[in-house]
Amino acid sequence: MTNIAILAAAGRIGKLVRANLINQTDANVTLVARSAEQRLKIHDDDRETFVSTDLTDTKLVSDALKGQDIVVLVVAPHAELAEEIITAMHEAGVSRLIVTGVLGVDDEVPGAFGEWNESMIGGELPALKAGYKTLMNSDLNVTYLRMTWLYDDATELSYVITKPGEPLPGVQVTREAVSAFITEQIADGAQAYQNESIGIYEPGSEKFSKPTFY
């Protein structure tokens with residue numbers, strides 16, 4: 001049985017991945033989040049546990065990661081947080097990491113949408129680029145998922161994956177599609193996209209100049 005840790009598990013994608021894993025796999029799930037006891041509720045006492053900690057507390061995070069097979073980080077880290085996650089995973093003896101990251105960290109967004117994306121992310125982008133490079137240059141086995149702009153629609157689960165060095169033409173994707181992709185990867189043992197930065201977008205969204213909800 002696979003052991004999965006979700007870091008920042010109280011966020012929307014974290015909750016979706018957690019529900020998918022409980023409903024669609026036999027994995028054990030450790031949910032790591034700030035104030036987890038207030039923000040999360042255990043639905044399966046046999047397969048779920050939560051750890052209440054800030055992700056910057058390397059000792060508590062490391063303890064939570066011991067015995068895990070795959071770690072899912074559902075927040076895009078800046079360099080300092082990336083270093084802390086790397087340290088915690090080293091101390092726990094875990095190497096496989098899937099990260100829900102942001103668009104533009106690899107300068108892969110062409111044209112007017114790329115300019116719009118950078119203007120919307122604003123001053124955070126350099127720090128997020130640094131976090132991306134820190135993870136990708138580490139000795140962890142990372143899949144960094146460069147997500148296009150997110151919205152919610154449980155009926156829209158389609159997605160397209162772009163490989164490193166390819167332009168990322170789409171502009172949006174649902175959180176449900178991202179969560180379905182992550183769940184599929186975990187169900188397959190996270191064998192695909194090892195040590196890769198990949199993009200994810202909704203098919204058809206490449207025809208838009210910006211997300212339809214803006």
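Owing to the predicted nature of the structure, the values given are computational and were not obtained by experimental measurement.
- At a threshold of 4.5 Å between non-hydrogen side-chain atoms, the residues E108 and E166 do not count as touching.
- Taken together through direct or relayed side-chain contacts under 4.5 Å among Ile, Leu, Val, Met, Phe, Trp and Tyr, L128 and L150 form parts of separate hydrophobic clusters.
- T162 and R146 are not linked by any side-chain donor-acceptor pair at a separation below 3.5 angstrom, with hydrogens and angles left out of the test.
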Tell me which donor-acceptor pairs under 3.5 Å the side chains of residues 207-214 have, and how far apart each pair is, sequence neighbours excluded?
{"from": "T212", "atom 1": "OG1", "to": "Q172", "atom 2": "OE1", "distance (Å)": "3.1"}
{"from": "T212", "atom 1": "OG1", "to": "Q172", "atom 2": "NE2", "distance (Å)": "3.4"}

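- Checking E37 against S35 by side-chain atom types alone, no donor-acceptor pair falls below 3.5 Å.
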Less than 3.5 Å apart, which donor and acceptor atoms pair up between the side chains of residues 63-78 and the rest of the protein, not counting sequence neighbours?
{"from": "D63", "atom 1": "OD1", "to": "K59", "atom 2": "NZ", "distance (Å)": "3.4"}
{"from": "D63", "atom 1": "OD1", "to": "K66", "atom 2": "NZ", "distance (Å)": "3.4"}
{"from": "D63", "atom 1": "OD2", "to": "K59", "atom 2": "NZ", "distance (Å)": "2.7"}
{"from": "Q68", "atom 1": "OE1", "to": "I4", "atom 2": "N", "distance (Å)": "3.2"}
{"from": "Q68", "atom 1": "OE1", "to": "A5", "atom 2": "N", "distance (Å)": "3.3"}
{"from": "Q68", "atom 1": "NE2", "to": "T30", "atom 2": "OG1", "distance (Å)": "3.0"}
{"from": "Q68", "atom 1": "NE2", "to": "A64", "atom 2": "O", "distance (Å)": "3.3"}
{"from": "D69", "atom 1": "OD2", "to": "N3", "atom 2": "N", "distance (Å)": "2.7"}
{"from": "H78", "atom 1": "ND1", "to": "E80", "atom 2": "N", "distance (Å)": "3.3"}
{"from": "H78", "atom 1": "ND1", "to": "L81", "atom 2": "N", "distance (Å)": "3.2"}

Name every donor-acceptor pair, under 3.5 Å, that has one atom in a side chain of residues 82-90 and the other anywhere in the protein, sequence neighbours excluded.
{"from": "T87", "atom 1": "OG1", "to": "E83", "atom 2": "O", "distance (Å)": "3.0"}
{"from": "H90", "atom 1": "NE2", "to": "D139", "atom 2": "OD1", "distance (Å)": "2.6"}
{"from": "H90", "atom 1": "NE2", "to": "D139", "atom 2": "OD2", "distance (Å)": "3.4"}

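- In terms of modelled atom types and a separation under 3.5 Å, the side chain of N141 and the main chain of N195 share a donor-acceptor contact.
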Would you please test S52 and R34 for side-chain contact (heavy atoms from CB on, under 4.5 Å) and show each step?
CA-CA 5 Å; S52 185; R34 284 181 290 106; over 6 Å; no
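- In this structure, T25 and T2 have side chains that are not in contact, with every pair of non-hydrogen atoms separated by 4.5 Å or more.
- Applying the salt bridge (Lys or Arg N to Asp or Glu O under 4.0 Å) test to pairs two or more places apart or on separate chains, those with a residue in residues 123-136 are D107-K129.
- Judged purely by distance below 3.5 Å, without hydrogens or angles, the side chains of E202 and Y151 pair a donor atom with an acceptor atom.
- In terms of modelled atom types and a separation under 3.5 Å, the side chain of Q194 and the main chain of Q191 share a donor-acceptor contact.
- By the 4.5 Å heavy-atom criterion applied to side chains, T143 and E196 are not counted as neighbours.
- Classification of the Y144-Y132 ring pair by plane angle, with boundaries at 30° and 60°, yields perpendicular.
- When atom types are taken as modelled, the side chain of E118 and the backbone of G114 share no donor-acceptor pair closer than 3.5 angstrom.
- Side chains of Y193 and L145 form no contact here, defined as non-hydrogen atoms less than 4.5 Å apart.
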Report the C-alpha distance between V178 and Y159 in whole Å, list the side-chain angles of each, state the deciding distance to 0.1 Å, and finish with yes or no for side-chain contact (heavy atoms from CB on, under 4.5 Å).
CA-CA 8 Å; V178 170; Y159 59 81; over 6 Å; no
For a side-chain contact (heavy atoms from CB on, under 4.5 Å) check, start with the C-alpha distance between H43 and R18, then their side-chain angles and the critical distance, and finish with the verdict.
CA-CA 10 Å; H43 297 294; R18 172 248 191 119; 3.3 Å; yes
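- Residues forming a ring pair (Phe, Tyr, Trp, His ring centres under 6.0 Å) with Y201 (at least two apart in sequence, or on another chain): none.
- For R12, the side chain to side chain contact (heavy atoms under 4.5 Å, CB included) partners two or more places apart in sequence, or in a different chain, are D152, R175.
- Linking Ile, Leu, Val, Met, Phe, Trp and Tyr whenever their side-chain heavy atoms come within less than 4.5 Å leaves V99 and M147 in two separate clusters.
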